[in-house]
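Input: a single structure, listed below in structure tokens.
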Amino acid sequence: MTKKILILPGDGIGQEVTSSMNEVLYYLIDEQGLDFQISERKVGGSSYDEFGKPLTEETLEIAKNSDAILFGAVGGPQWDNLEWDFRPEQALLGLRKSLGLFANLRPAFLFNELASASPLKNHIIENLDILIVRELTGGVYFGEPRGIVENETPKYGFNTMVYNEDEIRRIAKVAFEAAINRDKKLCSVEKANVLEVSKFWRSIVTEMSEEYPEVELSHQLADNTAMQLVLNPNQYDVIVSGNLFGDMLSDIAATLSGSIGMLPSASLNSSSQGMYEPCHGSAPDIAGEGIANPIAMIASLAMAFEYSLGRVDLGRRIESAIKIFISQGHRTKDISTSEEFMKTQEVAPALIRILKDENE
Ligand code: NAD
């Protein structure tokens, strides 16, 4: 069956890294004779400049009908002063909400050759390979009621942290299933010592663990996890958490590996439709210089093959090509320890050479 892909390069280096990803995608389409229908549209600031909004109805409609959306990055100082609804980041929120992308998968891994780029000592960080599963469409970021009350003394602001049983079950299912395909360890993270919503979360996850006897389940308080991620990150395999704690923990985990230019992410709904994007932003400080690292974007394509395009094998081939690329000593500027580095546009051709060699 024809698979539909929507490519949204976005702004800044989003455009540069997506162009590298496209080279790998079109190489594999050609090599494998894949039946893919591909569309490309503007999003974020570049969409605002042309159409007056960061996400047009037409683009949203194509996104809804796509199996995988490959998203570069949005944002930049020229759009920072726009009103809230017109800001580039609203495109991301709009896509997540309209497509019901409730499960955010954020792998954090280290290529041991790059251990010196990590802020942690080598012996702590070596062999890092964690998957953080963050709930993305609920919790305190979306809970009602919320607001700022100005006509009382003292004035106050408030939000509601709420999770219902179905929301917890569907994200826990994603995490348990991910753990089954990895080292079969799942750590559920919340603040059950102070929050009722967390106590409830813990009880549901514990109940669900009976359906997954092969997975070793543990529970941890979020503040402890933040500390443990820095002290002993290799104790984790899969971590599952709500929106707020997952936001912070996934950023800590991403930082551990040393370069934000290496890490992909996936946001999925229950029909395996997904949006795939690098963890980094549009990096206006280096945009247009041709020095952005496109690996996170290319690794996002690998995740798309795995979770939405029904070709786990091709996802694995891309991941393995990236490992070989690093072990051969290729380095973009952000991960280079010398004055020598590869330009963005040289990365995809080198990866394609590896893909070709490995296929022979
Ligand atoms: P950023 O991730 O864009 O950049 C942080 C630092 O990392 C910068 O020094 C940048 O040069 C470097 N960097 C990032 N990606 C890199 C890559 N692939 N290769 C080499 N170096 C890389 O974060 P920021 O500076 O806080 O934000 C810049 C803009 O991006 C803002 O407008 C922000 O709102 C937006 N943003 C967008 C997303 C998204 O689209 N998902 C995510 C985060 C930030």
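Numbers for residues simply follow the sequence, beginning at 1. In listed order, ligands and their atoms are each counted from 1. Just so it is clear, the model here is predicted, and its values are computed rather than measured. All values below were derived from every heavy atom in this structure, side-chain atoms included, with hydrogens, water molecules and symmetry-related copies excluded.
- Using cut-offs of 30° and 60° on the angle between ring planes, the pair Tyr212 and Phe176 is parallel.
- For Ser203, the side-chain contact (heavy atoms from CB on, under 4.5 Å) partners at least two apart in sequence or on another chain are Phe200.
- The pair Glu190-Arg202 counts as a salt bridge, with a side-chain nitrogen and a carboxylate oxygen less than 4.0 angstrom apart.
- Of the protein's heavy atoms, Glu89 OE2, 2.7 Å lies nearest to atom 34 (O) of ligand 1.
- Proximity of atom 3 (O) of ligand 1 to the protein is indicated by at least one non-hydrogen atom lying closer than 4.0 angstrom.
- Within a 4.0 Å radius of atom 18 (N) of ligand 1, the protein contributes at least one heavy atom.
- Partners of Pro278 by side-chain contact (heavy atoms from CB on, under 4.5 Å), not counting sequence neighbours, listed by chain and number: His280, Ala296, Met297, Ser300.
- Looking from atom 7 (O) of ligand 1 to the surrounding protein, the closest heavy atom is Ile260 CG2, 3.8 Å.
- The same ILVMFWY cluster, assembled from side-chain heavy atoms under 4.5 Å apart, contains both Ile204 and Val240.
- Closest to atom 39 (C) of ligand 1, if we only count protein heavy atoms, is Leu92 CD1, 3.7 Å.
- With atom 20 (C) of ligand 1 as the reference point, the heavy atom nearest to it among Ile286, Ile335, Val74 is part of Ile286.
- The side chain of Ile13, and not its backbone, has at least one atom closer than 4.0 Å to an atom of ligand 1 (non-hydrogen atoms only; side chain from C-beta on).
- The nearest protein heavy atom to atom 15 (N) of ligand 1 is closer than 4.0 Å.
- The aromatic rings of Phe109 and Phe111 stand perpendicular to each other, their planes meeting at an angle above 60°, with 30° marking the opposite boundary.
- By the 3.5 Å distance cut-off applied to N or O atoms, Phe71 is not counted among the residues near ligand 1.
- Between Ala283 and ligand 1, an N or O atom pair is found at a separation short of 3.5 Å.
- A salt bridge links Asp223 with Lys191; the closest basic N to acidic carboxylate O contact falls under 4.0 Å.
- Heavy-atom proximity to atom 28 (C) of ligand 1, evaluated over Ser265, Pro284, Gly75, is greatest for Pro284.
- One finds no salt bridge joining Glu340 and Arg331 here, because no Lys/Arg side-chain nitrogen approaches an Asp/Glu carboxylate oxygen to under 4.0 Å.
- Here the heavy atom of the protein found nearest to atom 38 (C) of ligand 1 is Gly281 CA, 3.6 Å.
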Using the rule given for side-chain hydrogen bond (donor to acceptor under 3.5 Å, both in side chains), can you reason through Thr225 versus Gln220, listing the C-alpha separation, both sets of side-chain angles and the distance that settles it, and then say yes or no?
CA-CA 6 Å; Thr225 310; Gln220 211 169 52; 2.8 Å; yes
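- Heavy atoms of Lys333 found under 4.0 angstrom from ligand 1: none, in either backbone or side chain.
- In Asp334, the part holding a heavy atom less than 4.0 Å from any atom of ligand 1 is the side chain.
- With Ser282, Gly72, Pro77 as candidates, the residue nearest to atom 29 (C) of ligand 1 on a non-hydrogen basis is Ser282.
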